[in-house]
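For reference, the structure is listed below as structure tokens.
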Amino acid sequence: MLQFRLNGEIVEIAEVAPHESALVLLRETLKRCGTKEGCASGDCGACTVALRDPGRGPDARFESVNACILPAWQLEGLDVITVEGLAKGEALHPVQRAMVDHHASQCGFCTPGFVMSLFTLYHDPEPLDDHRLAVALGGNLCRCTGYRPIRAAALAMRETAGVVPDWIDQVRPFAAEACNDARAFHRPTTLAELDALLKRHPDARLVAGGTDLMLESTIRLADFPQVIDLTRIDALKTIEEHDGGWWVGAGVTYTQLAPLLERHYPAFARLLDRLGSQQVRNRGTLAGNVANASPIGDTPPVLLALDARLRISGGDGVREMALNDFFLDYRRTALAPGEYIQAIWLPRLGDGEQLKVWKLSKRRDDDISAVLMAIRLRLDDSYLRDVRVAFGGMAATPKRALETEAELEDRPLDEAAVAAARAAIAREFTPLSDARASSDYRLTAAGNLLERLRLQLAEPHVATEIH
Amino acid sequence: MTVEALNQRTARIDGELKVSGGADYAGDHQLPGMLHGYPVVSPVASGRLERLDFDAAMGAPGVVEIIHGGNFPRLNRSPDSMAEENKVGEVRLPFEDDQIHYHGQYLALVVADSFEHARAAARLVSIEFSCAPAVAGLSSAGEGREVDDEAVTLGEPARALAAAEVRIDAEYRIATEAHAVMETHATLASWQDDRLTVYESTQGVVFHRNALAQVFAMAPEQVEVIAHYIGSGFGSKLFMWPHSVITCAAARLLGRPVRTVLPRQWNFANTGHRPASLQRVRLGADRDGKLQAILHDALNETSPVEAYSDSCASATPSMYACDHVAVTQRIAEVNHGTPTSMRAPGEASGNFALETALDELAVELGVCPVELRRRNFTVRDPASGLPWSSNHLLECFDDAAGRFGWERRDPTPRSMRDGHELIGYGMATQSWSAMRKHCTARASFLADGRLSIATGTQDIGTGTYTIVAQTASQLSGVPLDRVEVKLGDSQLPAGPLSGGSMATASTLPAVAGAVREAIATLQRLSIGEGGRFEDAAPSALEFRDGRLWHGDESASVAELLQTLERGSVDAVVSTAPGDEQKRASFRSFGAVFVEVRWDPGISRLRVARVVSTIDGGRMINPLTAHNQLEGGVVMGLGMALFERLEYERDGRLHNHNFADYIVPVHADMPEIELVTLDYPDLAFNEFGARGVGEIGLTGVGAAVSNAVFHATGKRIRELPIRLEALLEE
């Protein structure tokens, strides 16, 4: 039996299939149809709902998620807020009031999703600024309004009168009945349980955020007989700090990782703002992005440039490997059956070391990169040392640019060095032409990014960030 | 109360419902015993269906039946007539033959007890097919065939072109563009004996009802089509598509309600799109820039099963003062799904070609693009020879250019910079024809004091509920919150499609007529036997502020009805366009100015600013009107920069999802400053409204490409503008 608290009321559902999405559960089983399906792939945000884990105590915050690609079982024990839950009788929540006052809906179909994205922003104690607003709205598509009225509503919502349901401010944990649906959706709480389950079900699919895996069900119509959920295992949700860096557990979401990146890898943090959407970042994990092994995943090139390592578990215990050895071919990795990524090692940047990241995509937000370049370097009196360059979107896997690194190592980054590196890129990469970009575009743009790096190092005062 | 006062910034009356999840869309309805449909579609673009094997799927949990060619009932094709109001998106009946015409074509519908069961079983259907070579795109479709009745010739264009001092001759391409509505199409069909009730996401409940009645050989009153709320349409929901027929047939066959909500990926294949087009424009002008000849030849893709013409050049003869004009339209079959109207159909595409060509002419002549258009302004419609009913295009140019700061433009390409970025200014004329159709509306004063208005049009998000309510409220004096508006049901008095920017101009006259007629009836009854003002002279009565006055005495509607012992007083009024089209040409105009910023290093193009001034007649509700116009501009930016339905070399769809079909997001939005001039076009209807759904989008593509030329020196004649086309090292 699945138990959670929906808009302040505890609901129990007897049977839930392992691949079932929270959206299907809400709309079909519970007949709460305010939450809409726009794409079933986490791209449009029409299905946005807010989650809060009351187990986290008074600090628990609401997080927006795409219900269409959230396994229904992951609602267990959580506060789930949908668009139907905000108004108190006739009295609208300030977010809703502001949306009405500012004319922020036309057809209204995307509206519930926008309301819920703004709801999480409204209840976030941080002050509202342009950046936070853009981040909150980046994952919601609207085809009618052109967005300006929605933005106006967001800017006005905190000064708008309205009524907030009392239960919103009360974080009351409740004892969800332990999930014992051993049939199909497993929710281990320790690594030992996880290992045992993996032995029993070596073909089971592992899910954390589900932001990629669930599309296999909603779009490719696949069936998952067995699913093992990683989100309940505390040991996977920690970030361990060491002198040389951090072990980031496989269950740590992008949102949870963000403060660390902000402090130690600002360029990585900026990239995170443009990875998927807030809804995706609230569920997705670094480990998921790595294990998925997509050639256009956003984080692998950055991790390659950082010389990240993986702690892999399962099978015969725990082993470590360099990320550089992990990607074997298009969507093929060094993971053996029954193995999983337990944690990712992020080396601390040394003195003088810098990390730069550029993502090129057609659309500013909520878009897949055409080319992503990450570079780590140390400047030694204008000489480049310890250069690592990695690209996404340029080969069948995320890939280090070894020849390019060699061209750049131990020399100043002048025009000649850029030209040599440009030639090296053309030697070691033959990117594809596809809908996102042509091969020529990718090669040229990759070289131009190095030129941009040169300008940035030569004239640090010139704005070269890409927004 | 005169209609002059009808310019009210009334907030959307359905806003509260929409922000709290209470608005009911077709896919939200559930009926007892309802089954769920999930389509099985062709995996290839061309070939023949050899065999479907349902063994595994029929054995899957929850599957009730699979509907396919073998068990599909014999139905009738719709006559597909605009005049008869039964036009459909695709006239071919589902499963009619074994031919595979396009990727995503329906081959079967799995019907199961739950959505998830239907979806899971759909994968288990095995499809045997043979492939045939596909025409994968317009570029390999040949010359196609000319569309009858669309060629227009004024004067002697060929001779005038040959004699012109300056000539432009260029080809323009536009990619297939998807409506990408937020709500995918959905049908819930339910039969009670010989009555069919359908919840459908449609822009035309009457058209849809009529089409279903034809297909299922029923009297129209046996079919009810309901669409209370629609998750936008932009043209894709004007005319019936096959999923609706399949779902209705499945419900009849199984004796249970069936609901099909199209999955996003197949919504891209089966519900129309703006067709790819290839246009050639030839302009001839004298040295002063006076147009001597315009020749505009358009070709658009259509599907193998439907002869869809986008009429790209249809507006061209009306746009500028030119005595020698020729336009033609051709269509060529491509193995893609059937195209249909998409926001500003035809004109949006034609405008891109014509307005880019004019920019090329301006460059050739060394004349300011705004000045070139001014010199060719026409005081009458060259196509009809009639004067414009109301045309303030010149003021649009002045107003928009002034607000934009056009005078700062240095005409030399690549001459304006800001740091890394090259800045470009571009502009274009905007335009959309004004249309009006018949409409019937009912107004009912109810005993509890409310005023109920009903008409069988629908609100696709544009604000029809709101402007109908505010019109009725202002004409009657009944407060807005006491006016109830019923739309979106084919059982109501017949109303127009919500499309072509004609709903407002068509609907409001009927609503006003019905309200006035209901007031007159109420007055007549109130001076009759048993009435509140029995035997009073009609001239001594006045109806204002929701009350009937006789000298100093007055009574509310509720009191009047109570005295009469009536539950309601109703009036039904039908209105239709008169002969005004014989006296004038009706068209909205505007001017749009765009600033682009081009970063050559990373080949990045951004639109920084859009300024537009629109002459669209009176704005009934400036809020809803601006909302639509702004949304139109943003969709125009999508067309200019991102939107392109991609096909593989074998004609299969490539990017039929929201991750890969790129529509603008919040972060892409430039500053948009939009002004409407608000000159009422009283020759068109008593409200002076011409409608604003389409015009905002027109001109944006050309203005962007013209600005790109100014920024980069590269003339782009293709939408969307590919970064590759601008790439430099």
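Each chain gets a letter, A, B and so on, in the order its sequence line appears, and its residues count up from 1. Source: prediction; values computed, not measured.
- Atom-to-atom distance recorded for A:Leu360:CG and B:Leu723:CG is 9.0 Å, nearest 0.5 angstrom.
- Once rounded to the nearest 0.5 Å, the distance linking NZ of B:Lys18 with CZ of A:Phe114 reads 14.5 Å.
- Within the 4.5 angstrom heavy-atom criterion, atoms from both the backbone and the side chain of A:Ala437 approach chain B.
- Residues in residues 17-34 of chain A take part in these salt bridge (Lys or Arg N to Asp or Glu O under 4.0 Å) pairs, two or more places apart or across chains: A:Arg27-B:Asp28, A:Glu28-B:Arg259.
- For B:Thr10 against A:His103, the heavy-atom pair with the smallest separation is O-CE1, 3.9 Å.
- The greatest number of non-hydrogen atom pairs below 4.5 Å with chain A, out of B:Pro263, B:Ala180, B:Ala120, B:Ala11, is found for B:Ala180.
- Nearest heavy atoms, B:Ser232 versus A:Cys107: N-CB, 3.3 Å.
- The closest donor-acceptor contact from the side chain of A:Tyr147 to the backbone of B:Val634 lies at 3.5 Å or more, if one exists at all.
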Checklist entry - Please walk me through it: do B:Tyr38 and A:Leu221 pass side-chain contact (heavy atoms from CB on, under 4.5 Å)? => result CA-CA 11 Å; B:Tyr38 196 96; A:Leu221 318 188; 3.4 Å; yes

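- In this structure, chain B has heavy atoms under 4.5 Å from both the backbone and the side chain of A:Ser217.
- Using a 4.5 Å heavy-atom cutoff, the side chains of A:Arg220 and B:Arg123 are not in contact.
- Chain B forms the most heavy-atom pairs under 4.5 Å with one residue out of A:Glu90, A:Glu84, A:Glu37, A:Arg143, and that residue is A:Arg143.
- Put simply, the side chain of B:Glu724 gets close to the backbone of A:Ser438: a donor and an acceptor are under 3.5 Å apart.
- Checked by atom type and distance alone, the side chain of B:Arg12 never pairs as donor or acceptor with a backbone atom of A:Val100 at under 3.5 Å.
- Interface summary for chain A: among B:Thr624, B:Asn655, B:Ile672, B:Leu641, the most heavy-atom pairs under 4.5 angstrom belong to B:Thr624.
- With a threshold of 4.5 angstrom between heavy atoms, A:Thr218 approaches chain B through its backbone and through its side chain.
- For the set B:Glu116, B:Arg722, B:His626, the count of heavy-atom pairs under 4.5 angstrom toward chain A peaks at B:Glu116.
- Within the 4.5 angstrom heavy-atom criterion, no atom of A:Leu86 approaches chain B.
- For the residue pair B:Gly21 and A:Val83, the shortest heavy atom distance occurs at CA-CG1, 3.7 Å.
- Taking non-hydrogen atoms and a 4.5 Å limit, the residue list of residues 459-467 of chain B in contact with chain A, ordered by number, reads B:Ile460, B:Gly461.
- Using a 4.5 Å cut-off between heavy atoms, B:His179 touches chain A through its backbone atoms (N, CA, C, O) alone.
- For A:Ile219, the parts lying under 4.5 angstrom from a heavy atom of chain B are both the backbone and the side chain.
- Ranking B:Gln628, B:Arg644, B:Glu671 against chain A, the residue ahead of the rest is B:Gln628, based on heavy-atom pairs under 4.5 Å.
- B:Tyr229 does not touch chain A: none of its heavy atoms, backbone or side chain, sits under 4.5 Å away.
- For the pair A:Leu141/B:Met182, a side-chain contact is recorded, criterion being any heavy-atom separation below 4.5 Å from C-beta on.
- Taking A:Gly34, A:Ala446, A:Gly146 one by one and counting their heavy-atom pairs under 4.5 Å with chain B, the maximum is reached by A:Gly146.
- Residues B:His420 and A:Leu455 approach most closely at CE1-CD1, 3.6 Å, considering heavy atoms.
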Next on the checklist: For a side-chain contact (heavy atoms from CB on, under 4.5 Å) check, start with the C-alpha distance between B:Arg119 and A:Asp223, then their side-chain angles and the critical distance, and finish with the verdict.
Outcome noted: CA-CA 10 Å; B:Arg119 185 174 67 185; A:Asp223 188 25; over 6 Å; no

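- Rounding to the nearest 0.5 Å gives a distance of 9.0 Å between CZ of B:Phe115 and CG of A:Leu23.
- Across every non-hydrogen atom of B:Glu630 and A:Pro149, the tightest pair is OE1-CD, 4.2 Å.
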Checklist entry - Between A:Cys44 and B:Arg264, does a side-chain contact (heavy atoms from CB on, under 4.5 Å) hold up when you go through it step by step? => result CA-CA 11 Å; A:Cys44 80; B:Arg264 174 58 61 188; 5.9 Å; no

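- Here the straight-line distance linking atom SG of A:Cys33 with atom CG of B:Asp24 works out to 10.0 Å at 0.5 Å rounding.
- Atoms CZ and CG, on B:Arg604 and A:Asn448 in that order, are 13.0 Å from each other to the nearest 0.5 Å.
- Between chain A and the residues B:Thr184, B:Ile230, B:Val663, the most heavy-atom pairs under 4.5 angstrom are made by B:Val663.
- Here the closest non-hydrogen pair linking A:Gln106 and B:Asn627 is NE2-O, 2.8 Å.
- In this structure, chain A has a heavy atom under 4.5 Å from the side chain of B:Gln265, while its backbone stays farther away.
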